[in-house]
Amino acid sequence: MASRVIPVDPFDLVIFGGTGDLAKRKILPALYRRFCAGQMPGDAKIIGAARSEHDAEEYRAFAHDAIQEFSDPQACSEAGLTAFLNRLDYVTIDARGEDGWAELADKLTERRVRAFYFSVGPGLFGDLAERIHSHGMVTDDTRIVVEKPFGHDLPTARELNKTLAAHFDEGQIYRIDHYLGKETVQNLMAVRFGNMLFEPLWNSQYVDHIQITVAETVGVGGRGEYYDKSGAMRDMVQNHLMQLLCLIAMEPPAKFDPDAVRDEKLKVIRALGEVLPHHIVRGQYEADPEGPQAHGSYRDAVGNPRSRTESYIALKTHIDNWRWAGTPFYLRTGKRLKARSSVINVMFKDTPHSIFGDEAGRHANVLSIRLQPNEGITLQVTIKEPGPGGMRLIDVPLDMTFSETLAPEDADFPDAYERLIMDVIRGNQTLFMRGDEVEAAWAWTDPIIAGWEARNDVPKPYDSGSAGPRDAELLIQRDKREWRGITP
Ligand code: NAP
């Protein structure tokens, strides 16, 4: 059964930072694919805006190149590609100046959904919000989309929320965390709340612990200056891993509606326990001059030989509520690790008694929710090893890898940005972070960072292509547990 594409209403989308990396790699290709899929109406308008001088033709050429490089140009026919490019326009605007705003206002259509995508540094959010407002562009159907990083700590996040709230209602603000737009993340909710099988077991009585791993093989790349001020905790844990933890741990919302879901996520963040110093391991990757992706160390990459910023973090936390008391959550993320892999493992407890005897070994069920690559869900179950010769047990996966389980046309689902941008147009905030959620996440993160700063903690070096520092293994082994392997 092919998935149904429901077209969204006609819209105008303004991309501030329309010539930037994010627009080129993600936003324009995502819009193109939705256009080809028939979801974007033929009269939608996409207007790029940035300081550099371009006309509409030049911006179309920019988008054309972006699609060639970062999308499948064949997703549409040649005529389709041209039709998409004809939807594009461009205005030269400096967020901090007055020129160009009247021209932008003239290009917008009356009485239709209007979305302003802030694909610029957060230092410009206030300027943009203020000018959109002062130039009379805010209507009832106006939305703004803001990118991470949403603040550097609690005070800056509060300040940003205040700045945006001065001109927009919370219901108009879409804070993107692209992890939430992944098919598997929504499937996690479908699996949890759409089946009778899992929810009764979803608690500390049956779940031994939960592991959330987001491993990358890349280094800091061209983001060194930003990353060195941020580190893995701010760049990944405070937002992406925290969001995954919320969806795994939250209570069932009364309905699948934006505030019901976000209320439950917020309760999880507020119930997160203190993280003790010996439950945190920070690391920095070493140089690998000989490897296939020969590269320098983290400190080389950020140009700061004395940097104490972590490119890896593992930590153990817990949720102080009835459901999860006694179930640890182990989180880890890092760069230059052995494989690119984002996965949540729900590790169920061993059976209380083995009728097969000690020699059959320990066997426990594991539900693995893989976000990338190869999105899908696997349940590890124990069966008898086939063949004669007594009762030997083995673990096999019940595999729901989407690309194999679903028909090809259904497995070709939209990527996170496609889904999220369409949700903005539809006005559905379920997969976007609310202001209070972001603040609560920082309120948990800030004392952890302040703690290691006060202790002058120095990150542990780790080999590129490894699973991270040895201490991260010890962190979990002390509890007589093991990390699952990092595999592609
Ligand atoms: P980028 O490549 O540096 O692009 C910045 C864009 O903003 C350019 O189009 C730039 O064009 C425009 N701009 C800069 N100053 C401006 C001003 N005063 N007025 C109007 N436009 C201005 O940055 P990016 O990587 O696209 O990132 C954009 C935002 O998304 C950042 O907040 C970043 O943290 C976030 N983000 C990026 C990624 C990613 O994969 N790239 C992922 C997640 C989040 P002009 O110089 O011509 O003005």
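The figures that follow rest on heavy atoms only: side chains count, while hydrogens, waters and symmetry mates do not. Indexing begins at 1, ligand by ligand and atom by atom, following the structure's order.
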Pocket residues around ligand 1 (non-hydrogen, under 4.0 Å) come out as G17, G18, T19, G20, D21, L22, R25, A50, R51, S52, I93, D94, A95, S119, V120, G121, P122, L124, E147, K148, P149
### Query
Regarding K229 and H152, is there a side-chain donor-to-acceptor distance under 3.5 Å anywhere?
no
Residues at least two apart in sequence or cross-chain that pass side chain to side chain contact (heavy atoms under 4.5 Å, CB included) with F256, listed by chain then number, are M189, V261, T430
Sorted by chain and number, sequence neighbours left out, side chain to side chain contact (heavy atoms under 4.5 Å, CB included) with Y226 holds for P149, R223, S230, D235
Correct closest heavy-atom pair for L81 and C76 would be N-CB, 3.8 Å
So the ring pair (Phe, Tyr, Trp, His ring centres under 6.0 Å) pairs with at least one residue in residues 421-453 (sequence neighbours excluded) are Y174-F432
message = Which label fits F16 and F116: parallel for a plane angle under 30°, tilted from 30 to 60°, or perpendicular past 60°?
response = parallel
